[in-house]
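Just so it is clear, the structure is predicted and the values come from calculations on it, not from any experiment.
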Amino acid sequence: MKKLILLLAIPFLTQAQFFKQDDGLAHTFSIVAIDKEAGEMAVAVQSHWFSVGNVVAWAKSGTGVVATQSFVNKSFGIRGLEMIQSGKTAEEALKTLLSDDEGREVRQVAIIDANGNVAVHTGNKCVDYAGHIKGVNYSVQANMMLNNTVPTVMSKAFEENTNLPLAEKVLEALKAAQAAGGDIRGRQSAAIRVVKTKKSDEPWNDDFVVDLRVDDHENPIKEIGRLLKVQRAYEFMNEGDLMVEVNDMEKAMNAYNAAMQMFPENLEMKYWTAITLANNGETVKATKMLQEIYLKDKNWRELTRRLPKVGLLTVDKNTLKALLK
């Protein structure tokens with residue numbers, strides 16, 4: 001497929017050397033968005049191309065997000081974010097990026113800065129169907145689509161799901177695009193990246209809020225949706241761990257239980273729920289859950305033996321014996 005596309009493109013490329021082999025040909029649909037109330041910015045993308053997130057989706061906390069696609073110029077991601085960080089708005093950054101780019105008419109790029117400014121460009125030589133919709137706090141863009149309805153349905157899906165977190169909102173936009181026909185070639189990879197609109201004084205906490213990629217899958221949007229659900233469940237697990245640290249077992253129990261309800265067959269989530277029950281004095285319930293876990297994997301029993309030493313299981317010897325049955 002790549003060789004065929006490159007051969008078809010050769011007559012044009014010889015006239016304007018705008019394409020770099022290592023940038024990629026990411027014909028695709030994407031969305032950039034900001035949720036000012038939540039303090040988050042997102043970029044999400046799907047394409048019939050391997051590892052599209054590695055090429056299209058760029059994001060930096062306290063700065064902005066960029067989607068660069070069609071005949072990709074990856075420098076737009078890095079340079080665009082650097083310009084915003086230096087004080088330019090999304091519109092100013094995009095204007096500068098396009099001003100010295102001989103391939104601007106085959107580019108498609110969208111940018112949102114941390115102040116909510118939105119800028120988008122679709123070159124007039126992007127492969128049909130190609131277009132974009134710039135909305136309040138978001139932009140959707142697509143090229144090489146099966147039909148011309150993709151931007152419209154993406155925009156509608158994003159605007160209608162006001163009650164969802166930002167990552168889930170952009171996921172709904174991707175789902176709508178695919179349902180409307182999506183990439184004329186099919187589907188292969190997807191990515192969702194979410195960052196904070198404001199940097200903190202703790203750089204180690206300024207990483208991605210969400211950073212998920214599906215590089216090669218028969219249904220990448222469904223798979224990335226599954227991964228996002230897993231992340232949300234583990235966010236509850238993390239919250240439970242924090243509550244254990246401060247010895248708030250009631251809140252820890254609520255958090256672990258919420259995670260377990262999302263993935264009831266996940267042994268990790270089930271196990272820590274059982275351990276928290278034991279710490280709360282609910283030995284009968286804990287023992288029953290642990291026995292079910294041990295039947296599936298005996299190593300969890302050995303882990304239970306090790307927990308009292310580090311204070312993660314605070315029961316007497318007789319209770320511990322019961323838990324190890």
Side-chain angles (χ1 to χ4, degrees), residues 38 40 42 44 46 157 161 163-172 174-175 178-179 190-194 208-308 310-315 319-325:
E40 295 179 347
Q46 194 278 158
N161 286 285
N163 60 318
L164 295 178
L166 185 57
E168 280 77 1
K169 284 177 69 175
V170 297
L171 175 61
E172 289 303 313
L174 295 187
K175 289 179 181 178
Q178 187 59 47
I192 297 176
R193 311 187 88 178
V194 179
F208 291 95
V209 178
V210 175
D211 190 12
L212 299 174
R213 279 175 34 190
V214 175
D215 288 340
D216 185 35
H217 196 278
E218 62 182 12
N219 194 336
I221 294 175
K222 182 178 180 180
E223 176 63 8
I224 209 164
R226 184 189 70 82
L227 292 176
L228 181 57
K229 184 180 177 183
V230 172
Q231 173 167 332
R232 296 308 190 199
Y234 272 92
E235 287 173 0
F236 281 120
M237 293 294 291
N238 290 336
E239 181 183 343
D241 291 346
L242 290 174
M243 293 302 100
V244 169
E245 285 185 20
V246 297
N247 201 33
D248 191 333
M249 292 304 173
E250 182 178 355
K251 288 184 179 179
M253 184 68 245
N254 291 337
Y256 288 141
N257 192 56
M260 189 181 68
Q261 293 303 315
M262 295 178 72
F263 290 94
E265 298 306 313
N266 184 295
L267 294 185
E268 176 91 24
M269 296 172 185
K270 195 171 184 179
Y271 178 79
W272 292 111
T273 300
I275 294 300
T276 306
L277 282 170
N279 285 330
N280 284 341
E282 299 186 57
T283 306
V284 175
K285 288 183 181 179
T287 300
K288 184 174 184 294
M289 289 180 67
L290 288 171
Q291 286 175 346
E292 293 172 354
I293 294 167
Y294 299 157
L295 284 174
K296 294 182 179 180
D297 187 343
K298 64 182 181 181
N299 287 344
W300 292 101
R301 179 183 280 109
E302 176 58 30
L303 179 58
T304 303
R305 287 193 180 95
R306 301 177 184 183
L307 295 184
V310 293
L312 291 179
L313 182 56
T314 55
V315 297
T319 301
L320 178 61
K321 186 176 180 180
L323 295 174
L324 291 170
K325 284 183 179 179

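Residues Val170 and Ala42 come closest through the heavy atom pair CG1-CB, 4.1 Å. What you find for Ala278 and Ala286 is that their closest heavy atoms are N-CB, 3.7 Å. Listed here is the closest heavy atom pair of Val244 and Ala252: CG2-CB, 3.8 Å. When all heavy atoms of Met253 and Asn280 are compared, the closest pair comes out as CB-ND2, 3.9 Å. Ala167 and Val194 get closest at one heavy-atom pair: CB-CG2, 3.9 Å. Nearest heavy atoms, Lys270 versus Ile293: C-CD1, 3.8 Å.
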task = List the steps, then state whether salt bridge (Lys or Arg N to Asp or Glu O under 4.0 Å) holds for Glu292 with Lys288.
result = CA-CA 7 Å; Glu292 293 172 354; Lys288 184 174 184 294; 3.2 Å; yes

key: Residues Arg232, Glu168; criterion side-chain contact (heavy atoms from CB on, under 4.5 Å); working and verdict   = CA-CA 10 Å; Arg232 296 308 190 199; Glu168 280 77 1; 2.8 Å; yes

ask   = Checking side-chain contact (heavy atoms from CB on, under 4.5 Å) for the pair Met260/Asn266: CA distance, chi angles, key distance, verdict?
value = CA-CA 7 Å; Met260 189 181 68; Asn266 184 295; over 6 Å; no

inquiry  = Could you go through Glu282 and Met289, starting from their C-alpha distance and side-chain angles, then the distance that decides it, and tell me whether this counts as side-chain contact (heavy atoms from CB on, under 4.5 Å)?
reply    = CA-CA 11 Å; Glu282 299 186 57; Met289 289 180 67; over 6 Å; no

inquiry  = Assess the residue pair Leu312 and Ile275 against the criterion (side-chain contact (heavy atoms from CB on, under 4.5 Å)); give the C-alpha distance rounded to whole Å, side-chain angles, the decisive distance to 0.1 Å, and a yes or no.
reply    = CA-CA 8 Å; Leu312 291 179; Ile275 294 300; 5.6 Å; no

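At least one side-chain heavy atom of Thr319 sits under 4.5 Å from a side-chain heavy atom of Leu323. Gln231 places a side-chain heavy atom less than 4.5 Å from the side chain of Glu235.
Pairs engaging residues 241-254 under the side-chain hydrogen bond (donor to acceptor under 3.5 Å, both in side chains) rule: Asp241-Tyr256 [sequence neighbours left out]. For residues 209-222, the salt bridge (Lys or Arg N to Asp or Glu O under 4.0 Å) pairs, not counting sequence neighbours, are Arg193-Asp211, Arg213-Asp215. Residue pairs satisfying the ring pair (Phe, Tyr, Trp, His ring centres under 6.0 Å) criterion with at least one member in residues 209-236, sequence neighbours excluded, are absent. Within the structure, ring pair (Phe, Tyr, Trp, His ring centres under 6.0 Å) contacts touching residues 259-298 (residues at least two apart or in different chains) are Tyr271-Trp300.
With rounding to the nearest 0.5 angstrom, the OG1 atom of Thr283 is 10.5 Å from the CG atom of Leu320. Taking CE from Met243 and OG1 from Thr276, the interatomic distance works out to 12.0 Å, rounded to the nearest 0.5 Å. Taking OG1 of Thr314 as the reference point, atom CG of Asn279 lies at 3.5 Å (rounded to 0.5 Å). In this structure, the separation between OG1 on Thr273 and CG on Leu290 is 10.5 Å, given to the nearest 0.5 Å.
Residues passing the side-chain contact (heavy atoms from CB on, under 4.5 Å) test with Leu227 are Leu212, Val214, Glu223, sequence neighbours excluded. With sequence neighbours excluded, the residues satisfying side-chain contact (heavy atoms from CB on, under 4.5 Å) with Lys175 are Leu171, Glu172, Ile221.
Between Glu302 and Lys298 there is no salt bridge, since no side-chain N of the basic residue sits under 4.0 Å from a carboxylate O of the acidic one.
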